[in-house]
Amino acid sequence: MGVVVQKYGGSSVADAEGVKRVAQRIVDAKKAGNQVVVVVSAMGDTTDELIDLAEQVSPLPPGREMDMLLTAGERISMALLAMAVGNLGHEARSFTGSQAGVITDAAHGKAKIIDVTPGRIQTALDEGAIAIVAGFQGVSQTSKDITTLGRGGSDTTAVALAAALKADVCEIYSDVDGVFTADPRIVPTARKRDRISYEEMLEMAACGAKILHLRCVEYARRYDMPIHVRSSFSLKDGTWITDQRDGDETMEQAIIAGVAHDRSEAKITVVGVPDKVGEAARIFEALADAQINIDMIVQNISAADTNLTDISFTVPHADGQAAMAALTRIQDTVGFSSLQYDDQIGKVSLIGAGMRSHPGVTAKFFTSLAEAGVNISMISTSEIRISVVVDEAQVDDAVAATHKAFDLDADDVEAVVYGGTGR
Ligand code: ASP
Ligand code: MG
């Protein structure tokens, strides 16, 4: 008998009907002869609504209380789901993250999983029950307080539990049929990928593809846990995320896995930095001290007559003001002339493991952008990715043009977005 971990996102359990539909799927998996563990997110937009509520009573709610509040969302869905499964004649037991043995550090709102000790889940399975676990939460090893893993964290709960239980597969159910070559909301002819490698999925998640949480993919790769991303609204096979190096040798891997985009970053330019040893270090140390994650960096060649250079980089919108404040504090010591802040930017990334062995991908990417009239303001690359920063208003055009240039369009429209508000 195999162990299957299934994760259902908020849009799959948005209302009582959804809960009942998901319960039926869970029972079907059990009847097919599996031991079934389910990880569930909060219903619909519950998490957003709880955040709104917190902001109405306090401008800066303490992290501990915020986590206590938000974990309630998943408790509601886990209990309802257990009841609905019970109603279909199968025993289901719900567990909070803490009861399921999800041990984390103490960082409220962005806790990291340190260990998973799923003794109670194992017992439930051994006794023939279906275990239903609240996603996105755990308990701190040190403070003993309830923690959350960050928005979208239920995916990570599911993969972590699957790894700890040595499951055969971790199925992640959402409102789309799998991983597409671009966001179907922008490119209606986007094609569903049957398979994708961990490394490609990591790059896609890091570049704004919202289908999976980045940390869940990192976890899956570390434990070599196959993920099957699929829709809870259809019975279609979705996308398998696996270590393709061990895969079928005869299967030709696509050169390009897909095009991802991200509107969540802002660009900061430090103008007039003296071109001498140690200045860049000082700037990025100040940002590191303020716990700010930097993404792309570009440093211009200094003009010969001034010996001054400009350094631009991108940061998450949410960290923009903190970054500006940190830099303002070191303006006199570094001696730069001014700071510019631009949040009207977007990042478009082309991802594919086949880039390693196929020359000309960059040229084709940039040509397609030029033909679409899109100006590039920053570039960064990895072995299997090329990313550009463009004007935010041109993101959709850039994604569509790139998708077309690389022949990623499907013959028919296959992308169906079944539910969700996209909030
Ligand atoms: N309910 C949480 C959120 O909306 C966790 C999750 O859905 O994975 O972020
Ligand atoms: Mg969610």
Side-chain angles (χ1 to χ4, degrees), residues 5-15 18-19 22 37-55 61 63-81 94-98 100 102 104 107-113 116 132-139 146-163 170-176 179 201 205-206 208-220 225 227-233 241 262 264 316-318 417-423:
V5 174
Q6 302 188 323
K7 181 259 170 176
Y8 292 92
S11 57
S12 297
V13 291
D15 50 22
V19 171
V22 165
V37 177
V38 176
V39 173
V40 68
S41 291
M43 296 170 78
D45 291 331
T46 302
T47 308
D48 292 294
E49 287 158 12
L50 292 173
I51 292 171
D52 289 349
L53 209 49
E55 284 167 356
R64 181 187 186 280
E65 302 312 326
M66 202 63 188
D67 279 354
M68 208 57 133
L69 176 71
L70 296 188
T71 50
E74 270 72 9
R75 281 195 180 212
I76 294 172
S77 47
M78 75 176 189
L80 290 173
L81 199 49
S94 66
F95 298 92
T96 64
S98 167
V102 180
T104 72
H108 286 296
K110 50 172 190 272
K112 289 211 170 59
I113 297 177
V116 182
I132 305 201
V133 180
F136 145 86
Q137 53 181 278
V139 61
I146 297 299
T147 54
T148 61
L149 309 179
R151 297 306 306 272
S154 300
D155 294 350
T156 304
T157 305
V159 174
L161 265 176
C170 181
E171 298 183 328
I172 305 232
Y173 287 89
S174 71
D175 54 4
V176 288
V179 180
M201 197 62 230
K210 296 197 182 59
I211 184 98
L212 285 179
H213 205 225
L214 176 62
R215 274 163 56 199
C216 122
V217 189
E218 284 169 348
Y219 222 99
M225 173 54 59
I227 299 181
H228 186 189
V229 179
R230 56 194 308 197
S231 167
S232 71
F233 296 81
I241 302 161
D262 188 357
S264 70
H317 270 170
V417 179
Y418 297 93
T421 55
R423 186 171 167 179

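Along the sequence shown, residues are numbered consecutively beginning with 1. Values below: all heavy atoms of this structure, side chains included; hydrogens, waters and symmetry mates excluded. Start at 1 and go down the list; that is how both ligands and their atoms are numbered.
Considering CD1 of I241 and CG of L212, their distance stands at 4.5 Å, rounded to 0.5 Å. With rounding to the nearest 0.5 angstrom, the NE2 atom of H213 is 9.0 Å from the OG1 atom of T157. For the atom pair OG (S41) and CZ (R151), the distance works out to 9.5 Å, reported to the nearest 0.5 Å. From K110, atom NZ reaches atom OG1 of T147 across 12.5 Å, with rounding to the nearest 0.5 Å.
Qualifying side-chain contact (heavy atoms from CB on, under 4.5 Å) partners for A318, counting only residues two or more places apart in sequence or in other chains: none.
Among E74, Q137, H213, R151, the residue whose heavy atom lies closest to atom 1 (N) of ligand 1 is E74.
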For residues 65-74, run the donor-acceptor check on the side chains, cut-off 3.5 Å, and write out each pair with its distance to 0.1 Å, sequence neighbours left out.
{"from": "D67", "atom 1": "OD1", "to": "G109", "atom 2": "N", "distance (Å)": "3.4"}
{"from": "D67", "atom 1": "OD1", "to": "T148", "atom 2": "OG1", "distance (Å)": "2.7"}
{"from": "D67", "atom 1": "OD2", "to": "H108", "atom 2": "ND1", "distance (Å)": "2.8"}
{"from": "D67", "atom 1": "OD2", "to": "G109", "atom 2": "N", "distance (Å)": "3.0"}
{"from": "D67", "atom 1": "OD2", "to": "T148", "atom 2": "N", "distance (Å)": "3.1"}
{"from": "T71", "atom 1": "OG1", "to": "D67", "atom 2": "O", "distance (Å)": "2.8"}
{"from": "T71", "atom 1": "OG1", "to": "M68", "atom 2": "O", "distance (Å)": "3.0"}
{"from": "E74", "atom 1": "OE2", "to": "A42", "atom 2": "N", "distance (Å)": "2.9"}

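For ligand 1, the atoms closer than 4.0 angstrom to any heavy atom of S41 are 6 (C), 7 (O), 8 (O). Residue contact check: G152 has heavy atoms under 4.0 Å from atoms 3 (C), 5 (C), 6 (C), 8 (O), 9 (O) of ligand 1.
The N/O atoms of G150, backbone and side chain alike, include none that comes under 3.5 Å of an N/O atom in ligand 1. No N or O atom of K7 sits closer than 3.5 Å to an N or O atom of ligand 1. Residue D155 has no nitrogen or oxygen atom sitting less than 3.5 Å from a nitrogen or oxygen atom of ligand 1, judged on distance alone.
Residue contacts with ligand 1: G73 is excluded, as none of its non-hydrogen atoms falls under 4.0 Å. In this structure, G10 does not count as a contact residue of ligand 1, since none of its heavy atoms falls inside 4.0 Å of the ligand.
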